[in-house]
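All remarks here apply to the structure that follows.
Since we're looking at a predicted model, the values are computed, not measured.
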Amino acid sequence: MRLHTHTWGDGDRVALLVHGIMADHRTWRRVGPELAARGLRVIAVDLRGHGASGRGPYGPGDFADDLVETLPTGAEVAIGHSLGGMALALAVERLAPRRAVYCDPAWHLPGPAAGAAGSEGPARLAAGKTLSREEISALNPRWEDVDVDLEVASLAVWDEGTAYGIAPAFGAGLRPARPVVPSLVTTADPSPMVSPADVVELRARGFEVRTVKGAGHTAHRDDFDAFMAALEGWV
């Protein structure tokens, strides 16, 4: 599927941005212009089922294949958040960016609790479709009002079926065996996706890992300055 994209800047060097589940390219509203100001042409996608891109079917491989179908190869840097990090890792060898950054990547989604139905995790994610503005704000107390408003707008056009499409990822270990290109992993503090043991293992596999102190899962919205500082030397 050819995905809807949004571009900032017109530099010769390219940066790719891939959002997480429930969001779309608008989650990068500050990151995109900042990278463009550094001379990069920044291309952000709407994953299938999100934003203005097409709908279904959904699966980790589908999200990855869409990136390869849509985005240029050989970018200066590719950045993926959460689900976007999962998709980017599956596409990175084909996209062949010079560097990759995985922001709290969804490489280890918690499996269902003992005795619970296997759809517990996806159903919990899908329930996010009905979050009110007040609930979004309460869940993300450090977000600026504009980010809360954009999340409301993103949820309105999000297909919650994407949550069930990634059901096989729940309880599975999706950490790459090695970084295909020089790779940075940024984590929340604490991270719901990357445990301290994961950090040790990722470093042993050759990834650089940096924590965005005090930030939640969507660090680029929680603390933009700290998030950009964590990318120092990578963008």
Side-chain angles (χ1 to χ4, degrees), residues 1-8 13-25 27-28 31-32 35 40-109 125 158-159 161-170 172-187 193-194 198 202 205-209 217-218 220 231 234-235:
M1 178 184 297
R2 292 282 294 184
L3 302 174
H4 176 265
T5 63
H6 183 87
T7 301
W8 296 271
R13 298 179 303 136
V14 175
L16 310 177
L17 300 178
V18 190
H19 64 81
I21 199 165
M22 303 185 196
D24 53 45
H25 75 272
T27 191
W28 304 111
V31 177
L35 296 181
L40 293 158
R41 177 164 59 94
V42 186
I43 305 172
V45 299
D46 290 348
L47 292 171
R48 67 168 63 194
H50 299 76
S53 287
R55 272 40 188 164
Y58 305 116
D62 297 312
F63 293 121
D65 290 346
D66 293 345
L67 297 182
V68 177
E69 177 71 17
T70 304
L71 296 171
T73 58
E76 185 79 8
V77 63
I79 302 175
H81 171 244
S82 195
L83 172 61
M86 177 198 295
L88 177 59
L90 295 172
V92 70
E93 188 165 10
R94 290 171 286 169
L95 286 174
R98 290 185 60 191
R99 293 180 296 277
V101 179
Y102 302 99
C103 308
D104 235 22
W107 291 342
H108 184 72
L109 299 172
L125 267 182
W158 170 54
D159 181 0
T162 57
Y164 295 98
I166 61 170
F170 282 83
L174 301 178
R175 291 174 303 190
R178 61 179 178 83
V180 175
V181 299
S183 298
L184 168 69
V185 176
T186 66
T187 72
M193 299 290 183
V194 185
D198 290 334
L202 287 168
R205 295 184 184 191
F207 292 85
E208 182 168 349
V209 184
H217 178 55
T218 314
H220 57 280
L231 303 187
W234 288 83
V235 297

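- You'll find the side chain of Leu109 reaches within 4.5 Å of the side chain of Ile166, heavy atoms only.
- Considering only residues two or more places apart in sequence or on other chains, His220 meets the side-chain hydrogen bond (donor to acceptor under 3.5 Å, both in side chains) condition with Thr27.
- Rounded to the nearest 0.5 Å, atoms CD1 (Ile43) and NE2 (His6) are 11.5 Å apart.
- The minimum heavy-atom distance linking Ala89 with Trp107 is given by the pair CB-NE1, 3.8 Å.
- Considering only residues two or more places apart in sequence or on other chains, Arg13 meets the salt bridge (Lys or Arg N to Asp or Glu O under 4.0 Å) condition with Glu76.
- Rounded to the nearest 0.5 Å, atoms CE (Met1) and CZ (Phe63) are 9.5 Å apart.
- Between atom CG of residue Leu17 and atom OG1 of residue Thr7 there is a gap of 10.0 Å, rounded to the nearest 0.5 Å.
- Taking each heavy atom of Arg94 and Ala64 in turn, the nearest pair found is NH2-CB, 4.0 Å.
- Taking His4 as the reference, His25, Asp46, Ala52, Ser53 meet the side chain to side chain contact (heavy atoms under 4.5 Å, CB included) condition, with sequence neighbours excluded.
- In terms of heavy atoms, Val194 sits closest to Pro105 at CG2-CD, 4.0 Å.
- Put simply, CD1 on Ile21 and CG on Leu125 are 5.0 Å apart, with the number rounded to the nearest 0.5 Å.
- No donor-acceptor pair closer than 3.5 Å links the side chain of His19 to the backbone N or O of Trp28.
- In this structure, the side-chain hydrogen bond (donor to acceptor under 3.5 Å, both in side chains) partners of Trp158, at least two apart in sequence or on a different chain, are His50, Thr162.
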Just distance, no hydrogens or angles: give the donor-acceptor pairs under 3.5 Å from side chains in residues 172-187, sequence neighbours left out.
| from | atom 1 | to | atom 2 | distance (Å) |
| --- | --- | --- | --- | --- |
| Arg175 | NH1 | Asp198 | OD1 | 2.8 |
| Ser183 | OG | Val181 | O | 2.6 |
| Thr187 | OG1 | Thr211 | OG1 | 3.1 |

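- Leu47 CG to Leu67 CG: the interatomic distance, rounded to the nearest 0.5 Å, is 6.0 Å.
- Of the inter-residue distances, the one linking Leu83 atom CG with Asp104 atom CG reads 13.0 Å to the nearest 0.5 angstrom.
- Annotation: salt bridge (Lys or Arg N to Asp or Glu O under 4.0 Å) contacts of Asp62 (sequence neighbours excluded): none.
- In this structure, His108 has no side-chain hydrogen bond (donor to acceptor under 3.5 Å, both in side chains) partners at least two apart in sequence or on a different chain.
- With sequence neighbours left out, the salt bridge (Lys or Arg N to Asp or Glu O under 4.0 Å) criterion links Asp159 to no other residue.
- No donor-acceptor pair under 3.5 Å is formed between the side chain of Arg99 and the backbone N or O of Val235.
- Listed by first and then second residue, the side-chain hydrogen bond (donor to acceptor under 3.5 Å, both in side chains) pairs that reach into residues 79-90 are Ser82-His217, sequence neighbours excluded.
- Heavy-atom neighbours of Arg205 CZ from other residues, nucleotides or ligands within 6.0 Å: above the threshold of 12.
- Residues passing the side chain to side chain contact (heavy atoms under 4.5 Å, CB included) test with Pro168, sequence neighbours excluded: none.
- Listed by chain and number, the residues in a salt bridge (Lys or Arg N to Asp or Glu O under 4.0 Å) with Glu93 amount to none (sequence neighbours excluded).
- With sequence neighbours left out, Ala15 forms a side chain to side chain contact (heavy atoms under 4.5 Å, CB included) with Leu35, Leu40, Val42, Val77.
- Scanning both residues, Leu95 and Pro72, for their nearest heavy atoms gives CD2-O, 4.0 Å.
- Within the 4.5 Å cutoff, the side chain of Leu90 has heavy atoms near those of the Pro60 side chain.
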